[in-house]
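One structure is given here, and the rest of the page talks about it.
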Amino acid sequence: MSHQNKEKTQKARKFCQEVQEVAKKYDLPFFVVTDGASATSNNGCIAVKNARDSHIEWEKENGCDPYEDWSRNVKTKN
């Protein structure tokens, strides 16, 4: 992965983690996808499940690991 792509992926992952923090604050389910990362947290919302299920299929078709857990390696605080 080039330096530019790595930096973009790191920014995308940080963004997703920040979305996760906001969703937790408001106790809301969510699914977010951006160039380089996605994140989800769901408690039974059909719309969120449908969006994530569709993205899983897209990831499989495009050679991505839909179950990769990158969140353990991302720091959101500077």
Side-chain angles (χ1 to χ4, degrees):
M1 182 182 299
S2 74
H3 174 72
Q4 188 176 26
N5 285 343
K6 186 175 181 180
E7 186 176 301
K8 183 169 71 171
T9 298
Q10 289 173 337
K11 286 180 181 181
R13 290 176 176 182
K14 182 176 179 180
F15 170 77
C16 286
Q17 197 157 29
E18 290 173 1
V19 169
Q20 185 173 13
E21 291 170 8
V22 171
K24 185 176 181 179
K25 175 181 174 181
Y26 291 98
D27 192 30
L28 292 171
F30 75 96
F31 171 68
V32 62
V33 63
T34 188
D35 191 7
S38 65
T40 189
S41 178
N42 194 5
N43 60 359
C45 177
I46 295 170
V48 170
K49 181 184 182 322
N50 185 55
R52 177 60 182 136
D53 288 348
S54 294
H55 189 248
I56 287 170
E57 290 306 313
W58 182 91
E59 288 180 311
K60 288 177 181 178
E61 291 170 4
N62 288 277
C64 302
D65 177 4
Y67 305 106
E68 176 188 15
D69 185 3
W70 51 261
S71 64
R72 298 175 202 200
N73 301 323
V74 176
K75 296 179 182 177
T76 58
K77 306 294 184 216
N78 292 330

* Measure the shortest side-chain to side-chain distance between H55 and E59 over non-hydrogen atoms and say whether it is less than 4.5 angstrom. => yes
* Heavy-atom check, side chain of R52 versus side chain of P66, under 4.5 Å -> yes
* 4.5 Å side-chain heavy-atom contact, E57 and K60 -> yes
* To do: For residues 25-36, pull every pair meeting side-chain hydrogen bond (donor to acceptor under 3.5 Å, both in side chains), keeping only residues two or more places apart or in separate chains.
  => K8-D35
* **Distance (rounded to the nearest 0.5 Å) between F30 CZ and K24 NZ** => 11.0 Å
* State the NZ-OG1 distance between K11 and T9, to the nearest 0.5 angstrom. => 11.0 Å
* **Pair Y67-I56, side chain to side chain contact (heavy atoms under 4.5 Å, CB included): steps then yes or no** => CA-CA 8 Å; Y67 305 106; I56 287 170; 3.7 Å; yes
* Asked: Counting only heavy atoms not in E68, do more than 12 sit closer than 6.0 Å to its CD atom?
  -> yes
* **Any pair counted as side-chain hydrogen bond (donor to acceptor under 3.5 Å, both in side chains), so long as it reaches residues 38-49, sequence neighbours left out** => K49-D53
* Joint cluster assignment, V48 & I46, ILVMFWY side-chain distance < 4.5 Å -> no
